[in-house]
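Counting starts at 1 for both ligands and their atoms, in listed order. Just so you know, residue 1 is the first one in the sequence shown, and it goes up from there. Fair warning: this is a prediction, and the values are worked out from it, not measured in the lab.
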Amino acid sequence: MTRVGVAVPAAGSGRRMGGVRKPFLELAGRPVLEHALRPFLADERVVAVVVALSTADSDDPPAWLTALDPRVGIVEGGQSRGASVARAIDALPHDLDVIAVHDAARPLVSPETVAACIDVAAAGDGAVAGCPAVDTMKTVDAEGWIDATPARARLWHAHTPQVFPADALRRAYASGHEDATDDAALAEAIGVRVRMIDDGGVNPKVTRPHDVVVAEALLRARGDGA
Ligand code: CTP
Ligand code: MG
């Protein structure tokens, strides 16, 4: 069976939420991070999960997290998302076939999306959960003046999980992760073929205060809450 490791960046400071530690925010009765981990722990191909936490949290991790599942480990994160992912990848076992990266701040990812992305990576390519753009998108200059309107039909939002053959993701991160806002960009840059997997647009990242309202409503609508 395919051996899958999961790297979960959870070391951010939640600046756009007003300094809230998003992974530990309770939504529908459970921490955001627990919602984010469950669909991975439900996949029997997942053999290890490493969560990158802030220095304070990794020194004193919450009891619910250390007790959640024997496959879950904790590492200290870095100054950027990329640095946190890199540390989590380094702490995963070395004999994996596939590595998935999933933001702790995405509590709504479904088991079906996780499984579909792992299937693509197990077959040798990369996979990114996301959805087609529903709004017309603009590129602008530094002052906000529009300089182009790219054809919407080919634009997608990139979410997580982002899942790759393990050796490809390790090579991608070895070539530097300073400027990347996602993992696929690093893989694309070294020639990995990556495809989008439609998550239906119901896999938001808890980023701004109103996202909490949306995420909680979606969780409850799914019957996933107290
Ligand atoms: N992350 C991380 N290490 C960092 C920065 C971010 O592990 N140094 C993680 C966050 O915890 C989150 C994911 O990367 O799960 C996506 O980042 P984002 O939504 O931007 O979270 P924050 O960086 O915490 O939020 P903000 O940018 O508003 O400060
Ligand atoms: Mg951030």
Residue and atom name of the nearest protein heavy atom (relative to [atom]), distance in Å to one decimal:
atom	result
atom 8 (N) of ligand 1	Gly78 O, 2.9 Å
atom 10 (C) of ligand 1	Gly12 N, 3.7 Å
atom 15 (O) of ligand 1	Pro9 O, 2.8 Å
atom 13 (C) of ligand 1	Asp103 OD1, 3.4 Å
atom 7 (O) of ligand 1	Ala11 N, 2.8 Å
atom 20 (O) of ligand 1	Arg16 NH2, 2.8 Å
atom 21 (O) of ligand 1	Lys22 NZ, 3.1 Å
atom 29 (O) of ligand 1	Arg15 N, 2.7 Å

* Asked: Taking Val101 as the fixed residue, which of Val128, Val6, Val85 is the one that meets the side chain to side chain contact (heavy atoms under 4.5 Å, CB included) rule?
  ->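 So, applying the side chain to side chain contact (heavy atoms under 4.5 Å, CB included) to Val101 and each of Val128, Val6, Val85, only Val85 qualifies.
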Going by the order shown, which atoms of ligand 1 are within less than 4.0 Å of some heavy atom of [X]?
X	value
Ser13	24 (O), 29 (O)
Ala105	15 (O)
Gln79	8 (N)
Ser80	3 (N), 4 (C), 5 (C), 8 (N)

* **Exceeds 12 heavy-atom contacts within 6.0 angstrom, atom CG of Asp179** =>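 No, the 6.0 Å shell around CG holds no more than 12 heavy atoms from other groups.
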* **Donor-acceptor pair, side chain of Asp199 and main chain of Gly201, under 3.5 angstrom** =>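 At least one qualifying donor-acceptor pair exists.
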* NZ/NE/NH1/NH2 to OD/OE distance under 4.0 Å, Asp95 and Arg3 ->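 Salt bridge: yes.
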* **Salt-bridge present (Arg21, Asp57; N to O < 4.0 Å)** =>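 Counted as a salt bridge, because a side-chain N and a carboxylate O are separated by less than 4.0 Å.
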* Joint hydrophobic cluster, Leu219 plus Val32, side-chain heavy atoms closer than 4.5 Å ->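 Yes: a chain of side-chain contacts under 4.5 Å links Leu219 to Val32.
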* Donor-acceptor pair between Asp90 and Tyr173 side chains, under 3.5 angstrom ->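 Not at all, the side chains of Asp90 and Tyr173 share no donor-acceptor pair under 3.5 Å.
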* **Validation row: Val8, Leu33 side chains within 4.5 angstrom (heavy atoms)** =>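 Yes; the side chains approach each other to less than 4.5 Å.
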* Indicate, as side chain, backbone, both or neither, the part of Met17 found under 4.0 angstrom from ligand 1 when only non-hydrogen atoms are considered. =>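 Met17 to ligand 1: no contact under 4.0 Å from either part.
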N/O of [X] under 3.5 Å from N/O of ligand 1, yes or no?
X	answer
Pro23	no
Ser84	yes
Ala52	no
Ala10	yes

* Mind telling me whether Trp64 and Phe24 have parallel, tilted or perpendicular rings, with 30° and 60° as the class edges? =>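 Phe24 and Trp64: perpendicular rings.
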* Asked: What is the ring orientation for His157 with His159, classed by angle as parallel under 30°, tilted 30 to 60°, or perpendicular over 60°?
  ->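 Judged by the thresholds at 30° and 60°, the geometry between His157 and His159 is parallel.
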* To do: Output, in order, the C-alpha distance, side-chain angles, deciding distance and verdict of side-chain hydrogen bond (donor to acceptor under 3.5 Å, both in side chains) for Thr139 and Asp147.
  => CA-CA 6 Å; Thr139 60; Asp147 52 41; 2.7 Å; yes
* To do: For Gly14 and ligand 1, answer yes if some heavy atom of the residue is under 4.0 Å from a ligand atom, otherwise no.
  =>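 Gly14: in contact with ligand 1 (<4.0 Å).
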